[in-house]
Structure formats: C-alpha cells, structure tokens
Amino acid sequence: MRLRFAPSPTGHLHIGGARTALFNFLLARRHGGVFVLRIEDTDRARSRPEYEEEILRDLRWLSLDWDEGPGVGGSRGPYHQMQRLDHYGPYIDQLLAEGKAYRCNCSAERIQQGREALQAAGRKPMYDRHCRDLDLGPDCGEHVVRLKVPLEGSTAFDDHVRGRVEIDNAEIDDFVIRRSNGLPPYNFVVVVDDHEMGITHVVRGEDHINNTPKQVLIYRALGWEPPEFAHAPLILGPDGSRLSKRHGAVSVGAYREEGYLPEALVNYLVRLGWSHGDDEVFSLDELISVFSLDGITKAGGRWDVDKLRWLNQVWMKRLDPADLAERARPFLVAAGADPALIDDRLVPAVLTVRERARTLVELGEQARFYFVPDDALDWDEQAVKKHIKASTRPILDGLLAVLEGVEDWSQEGLEAAVKPWVEAEGIKLGKVAQPVRVSLTGKGVGPGLWEMLAAIGREVALRRIRAGRDKAAAREAAAGR
RNA sequence: GCUCCCAUCGUCUAGCGGUCAAGGACACCGGCCUCUCACGCCGGAGACACGGGUUCGAUUCCCGUUGGGAGUACCA
C-alpha cells in the first residue's frame, strides 16, 4: 500500500492540507505501507522555496514523517515535479499517436465565446470540440493537446467514503493535457506521477472529487488501472462557509505560534471528519492502530476553536511535566519572563498553571509572575484594593513569622506549618490566601496557595509577602490618621 | 446557470430497519468540591431539515423539495 501527500509550495501548510496529510500518513502506518511526500511545484509563478521549507517543517512538527520524498529520497523519485517534466511528454505523444488525444489551435477568444453561449443556453460551459477530428499536426501553430473524452456513456469510480460516484461523459470537457508552453496541467501530471510512484490509494479533500473522473479517463486512456480513491469532507469555517483567514488562523504554523501542541492539533484534526465510536482523545500511536477509511464522515465539518482549546489542555495535562515545561519556556519569555530568572522552579511552576491554561500562550502569561523581577509584576489594582488593606497587615505579619520558621518548604511542609496557625488564630484560610496571592502574583486569581508558595521558592515568597505586608501597613497608617 | 457531493443537539459526532421515549464530546446552565480562578465530579437544557414513498416497522432504504459545500481554467 502506497499513499502520498502532494502539497504545492505556494503558501503555508493549511489545516485542511495537514489533515489530508494526516489521513494518508495514518493509513500508510496502519497497514505497514509507504507514505510518500511529493512537491507539486510546477506553478512557477507562485511556488517559493521558503514555502516548501515551511511545509516540511510543519509536517515534521506534527510528527508526520514520510518514507520517500524531499530529504529522505526513495526509489520512485524525483519527488519534485519540476524535476519530472521530462516524464510527461512521452505519454502525451502516445495518446496523440493512438488517436486518444488531439491538437487544438483554437483561439482563447473563440473558446471563451463558445463557453458563454453554452452557459447562456443553460448548459455546462465546455469547449465545442472544434479541432477534435481535424487531426492537426505538430506544425499547426500555437496549440494545446486535449483528451478525446468519450461522447457517450459515463465515468465512475468507487469512493471509499461516498460509494459509487458517476458522471455522464457528456458533462466532461475535452480538457487540456498539454499547454501551449509544453507543460501538462495538474490533472495529467498527478495521474502520471501517482502511477509512476506506484500510489495505490489516493486520499484527498472533497474539492478534488470533480476532477477524479477526468483522472480516471486519463488512467484508462493510458491503459493503467486507477488507484483507489477516498474523498474526505472539507473543513469549513465556524459559520459553515469556506474556511478563510477571516475566520482566524488557517495555517499550521499559526496554531503553533498561538500555543497549540502538535498532539492536540493532530487529535482535533483527525476528529474533524473521522470518528471511532465515542472516543475523543487519541495519540498519534493510538490513531495508527485504529485509523480506518470507514470512519471518515461525509459531511463537511466546521472549525471549532473551543474544542481545539479543550483538547490542547487535555494534552498539556497528559504531557510529561518536564517536556511541557520546555515547550512552555519560549512562551514564558514571550510573555515577559526574564530568561535569567527561569531556573529549576520551571517545572513546578508550570504544573501549577496548566489546568488553568488552554494554550501555551496562556500558560506563559499565567506563569510569568514566577520569573519576573518584583517590580515587573502586573498589578490588578482591583485585587490589591480588595485584599491588601489595613486589616491584612497583622495577618501577613503573623504568617511571615510562621513562614520564616518553616524548614520543609514544600506543599506538604507549608500546609503542615500554616494550617495549625490559621486554626489557632481562628481566621479563615481565604483571609490569608488572597493577600498572599495578590502579593505574589499581583492578581486575585491564580494557583492554589500551597503549590504556589512551594513553586515560587522561599526567597521570592518571603520577599513579596513582606512587600505586601508593607503595602498593607501603609494603608493601615493612612487609615489611622 | 450547469454538474457533482452532503444533510442527527449551537459545534464535532455515535447510529449501519425494530435494542433510540436517539448515546458521547466541546460549548452553555445549575450543584458539589474549595483559599481565588481553574481542574474534577454530579445534574440540566439541547437534534433525526421538510414532503412523499418502500416496509408490519423508518434517524436508518428510495424519490423530490429546501439548505449547504465543491467544481465548472492552457491553477493546483
């Protein structure tokens, strides 16, 4: 079994393309097949090497490694279409010689007029086949080569997702298979490449379902057996319309930058258009063992960021803490943390905020307070006003006395030392926790008291609580006058 | 316009003629937990687009309508 993903380097790796790549990758891995990556770079005007680099990088980021293609080679190459240009001509000549294709030197204007006339008559706009039986030779001036599509009958294929798809040949144009510049267009090139690369299953988006009959016709004309097809539903925007930038991020790279984990993106992508009973959370390895074309759904799916965000948190909680911490580091710095202050408190710090954050960006913002100079804390004045007041001063003084004597600065040690004091004093834990939270973080919401104290470390904790105490004392003095 | 594809809660989906007074997940609402916010747990509201058939029986099969998507290039 051989599958392929064939992006054209004319833009970023789109989430729809990523899902197509994922489906192909999973099917290949599931059945011990081969996953081929082919670069369709024949659109010289729009293709750019930077895009190709980016696409390769993003596929690797998603852990969708290919067995043959750029960077890894393979026996069925080359894997860039620009390096395969000499493969196509002979087949076109063969079709011409066999009378299955013909040269056409009709002017663009003439063809255009014919199309408009047909459309006006309520018919599908097509070429009128003027040159079909003229038997034009190579010396007919500027010309294209068109496939002689059967006038009668129909062309069908059995799609693994949709069942039998059939279309009348009368609806299929005598489409171009060699442009006037000598290069064959997409429909011809994919067929030749897929055939020469031994592709057995073509899994792609539903937007290709309409040119599948044309491709089948080419396979037949060349005397080849078409591969098996499976057309996955398209990914739509949240409103059901075509997904576009106006709906937000559409490229894999953008989601990486927004702090999504590749594990979560893969998980979300696979579930949009595929299901396995009621299961929701899958690792790539789990997918490899259960993925099947049978699970692909037919209807287009809308992009739902909320579900992606939920899955991202699920994965942040599943990840090994040290791993998560390293992935969070750059986001922490981006949020304003001082790299020099990020020390071995990183892992415990990240653990205190991961269940409150849905992306690495949020994780970075929420863990920022651990690793900034005290004067760089982001103060929520409302919270300060509410929790650092005159009456707070004696509480913080009392707490400081307890804290200074703590030997075991761990969650358990801190709780064991402070709880008895709180109870003895007869004060609510909240009366202590909130002032401490504001002193440490600048905000009224955040991690639990014990875990936060333990994670931030004795030195910083005592320093910031003292500062909070002083602030409270100042208000006490102001109130007393 | 024409051709093709599609149609279960707001969203992703389970369902492959009776086991469905339609199940799960996200989001939403309420409660519990609780030092805040979360997490977690419990509960709630919420869907078979419509109309014809076929059948003893349709969410499930067929046709139509409506709605949505795609294609309609010497782009991929």
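For clarity, every value in this text was computed on a predicted model and none was experimentally measured. Chain letters run A, B, ... following the sequence lines, proteins first and then strands; every chain starts at 1.
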**Q** Can you see whether A/S241 engages A/R246 through a side-chain donor-acceptor pair at a distance of less than 3.5 angstrom?
**A** yes
**Q** Kindly write out the residues that satisfy side-chain contact (heavy atoms from CB on, under 4.5 Å) with A/L151, not counting sequence neighbours, or none if the list is empty.
**A** A/R129, A/R132
**Q** What pairs with A/E451 under salt bridge (charged side-chain N to carboxylate O under 4.0 Å, His left out), at least two apart in sequence or on another chain?
**A** A/R356
**Q** Rounded to the Å, how far apart are A/I177 CD1 and B/rC74 P?
**A** 13 Å
**Q** Quick check on RNA chain B: between A/L308 and A/P184, whose nearest nucleotide comes earlier from the 5' end?
**A** A/L308
**Q** What does A/V144 touch in the nucleic acid at a heavy-atom separation under 4.0 angstrom: a base, only the sugar-phosphate, or nothing?
**A** base
**Q** On RNA chain B, compare the nucleotides closest to A/W310 and A/P238; which residue's is nearer the 5' end?
**A** A/P238
**Q** Detail all sub-3.5 Å separations between protein N/O atoms and N/O atoms belonging to nucleotides 13-16 of chain B.
**A**
residue : atom : partner : partner atom : Å
B/rU13  : OP1  : A/G273  : N            : 2.7
B/rU13  : OP1  : A/T297  : OG1          : 3.1
B/rU13  : O3'  : A/S275  : OG           : 3.0
B/rA14  : OP1  : A/S275  : OG           : 2.8

**Q** Hunt down the Watson-Crick or G-U wobble partner of B/rU3, both distances under 3.5 Å, from any strand shown, or write none.
**A** B/rA70
**Q** Do the two ring centres, one from A/H208 and one from A/Y186, sit under 6.0 Å apart?
**A** yes
**Q** Report yes or no: does A/N312 contribute a side-chain atom to a donor-acceptor pair with the main-chain N or O of A/G259 at less than 3.5 Å?
**A** yes
**Q** Nearest whole angstrom, please: distance from the P of B/rA25 to the CZ of A/F282.
**A** 14 Å
**Q** Please give the distance between the P atoms of B/rC20 and B/rG53 as a whole number of Å.
**A** 28 Å
**Q** Side chains of residues 113-125 of chain A: which donor-acceptor partners sit under 3.5 Å, not counting sequence neighbours?
**A**
residue : atom : partner : partner atom : Å
A/E116  : OE2  : A/Q112  : NE2          : 2.9
A/K124  : NZ   : A/E171  : O            : 3.3

**Q** Rounding to the closest angstrom, what is the interatomic distance between B/rA22 and B/rG40 at atom C1'?
**A** 28 Å
**Q** Between A/F23 and A/F291, is the gap from one ring center to the other below 6.0 Å?
**A** yes
**Q** For a quick check of understanding: with a heavy-atom distance under 4.0 Å over all strands, which category does A/P185 fall into, base, sugar-phosphate or nothing?
**A** sugar-phosphate
**Q** Does the protein touch nucleotides 33-39 of chain B at the base, only the backbone, or not at all? Give it as B, S and - per nucleotide, heavy atoms under 4.0 Å.
**A** --BBBBS
**Q** Which nucleotide in the list B/rU72, B/rA25, B/rC74 gets nearest to the side chain of A/K307?
**A** B/rA25
**Q** Rounded to whole angstrom, note down the C1' distance from B/rU59 over to B/rA21.
**A** 14 Å
**Q** Return the value, rounded to whole Å, for the distance between atom CE of A/M82 and atom C1' of B/rA76.
**A** 14 Å
**Q** Can you list the residues that meet the ring-ring contact (aromatic ring centres under 6.0 Å, His included) rule with A/Y51, with sequence neighbours excluded?
**A** A/H12
**Q** Would you kindly give the OH-to-P distance between A/Y268 and B/rA25, to the nearest whole Å?
**A** 17 Å
**Q** Less than 4.0 angstrom from a charged side-chain N to a carboxylate O is my criterion; do A/R48 and A/E54 meet it?
**A** no
**Q** B/rG30 and B/rG23: how far apart are their P atoms, nearest whole angstrom?
**A** 23 Å
**Q** Who passes side-chain contact (heavy atoms from CB on, under 4.5 Å) against A/D320, sequence neighbours left out?
**A** A/A322, A/D323
**Q** Expressed in whole Å, how much space separates the P atoms belonging to B/rU60 and B/rC48?
**A** 12 Å
**Q** What residue among A/F282, A/W303, A/W310 forms ring-ring contact (aromatic ring centres under 6.0 Å, His included) with A/Y268?
**A** A/W303
**Q** What is the separation between atom CZ on A/R44 and atom P on B/rA76, rounded to the nearest whole Å?
**A** 11 Å
**Q** Report the base-pairing partner of B/rU36 (Watson-Crick or G-U wobble, both distances below 3.5 angstrom), or none.
**A** none
**Q** Does anything in residues 378-389 of chain A reach RNA chain B, meaning a heavy atom under 4.0 Å, and if so which residues?
**A** none
**Q** Who does B/rA49 pair with, Watson-Crick or G-U, both distances under 3.5 Å?
**A** B/rU65
**Q** Side chains of A/R204 and A/T212: do they bring a donor and an acceptor to under 3.5 Å?
**A** yes
**Q** Determine the interatomic distance between C1' on B/rC12 and the same-named atom on B/rC6; round to the nearest Å.
**A** 16 Å
**Q** Name the nucleic acid region contacted by A/R115, choosing base, sugar-phosphate or nothing; use a 4.0 angstrom heavy-atom cut-off, strictly under.
**A** sugar-phosphate
**Q** Determine, step by step, whether A/K419 and A/E415 satisfy the salt bridge (Lys or Arg N to Asp or Glu O under 4.0 Å) criterion, reporting the C-alpha distance in whole Å, the side-chain angles of both residues, the deciding distance to 0.1 Å, and the verdict.
**A** CA-CA 6 Å; A/K419 265 260 175 82; A/E415 185 167 0; 2.9 Å; yes
**Q** State the pairing partner of B/rA21; accept Watson-Crick or G-U wobble contacts with both distances under 3.5 Å, and report none otherwise.
**A** none
**Q** Can you tell me the distance, in whole Å, between the CZ atom of A/R110 and the P atom of B/rC74?
**A** 13 Å
**Q** Using the test side-chain contact (heavy atoms from CB on, under 4.5 Å), find all partners of A/S180 that sit at least two apart in sequence or belong to another chain.
**A** A/E142, A/V144
**Q** Pairing check on B/rA27: which nucleotide meets the Watson-Crick or G-U wobble criteria with it, both distances under 3.5 Å?
**A** none
**Q** Write down the distance separating the C1' atoms in B/rA25 and B/rU8, rounded off to the nearest Å.
**A** 15 Å
**Q** Suppose we screen for salt bridge (charged side-chain N to carboxylate O under 4.0 Å, His left out). Which residues come up paired with A/D41, at least two apart in sequence or across chains?
**A** none
**Q** Tell me, please, which residues at least two apart from A/D278 pass side-chain contact (heavy atoms from CB on, under 4.5 Å).
**A** none
**Q** NA contact type, A/E40, heavy-atom cut-off 4.0 Å: base, sugar-phosphate, or nothing?
**A** sugar-phosphate
**Q** I'd like a list of close polar pairs between nucleotides 67-71 of chain B and the protein, N/O only, cut-off under 3.5 Å.
**A**
residue : atom : partner : partner atom : Å
B/rA70  : OP1  : A/R242  : NH1          : 3.2
B/rA70  : N3   : A/N210  : ND2          : 3.3
B/rG71  : O4'  : A/N210  : ND2          : 3.0

**Q** Please state how far atom CG in A/N267 lies from atom P in B/rA25, giving the value in whole angstrom units.
**A** 15 Å
**Q** Kindly point out which of B/rC4, B/rA76, B/rC74 is positioned nearest to the side chain of A/R146?
**A** B/rC74
**Q** Would a 4.5 Å heavy-atom cut-off, applied to side chains only, mark A/R242 and A/H247 as touching?
**A** no
**Q** Taking the P atom in each of B/rC50 and B/rA7, what is the distance between them to the nearest angstrom?
**A** 15 Å
**Q** Between P on B/rC26 and CG on A/D306, what's the gap in Å once rounded to a whole number?
**A** 11 Å
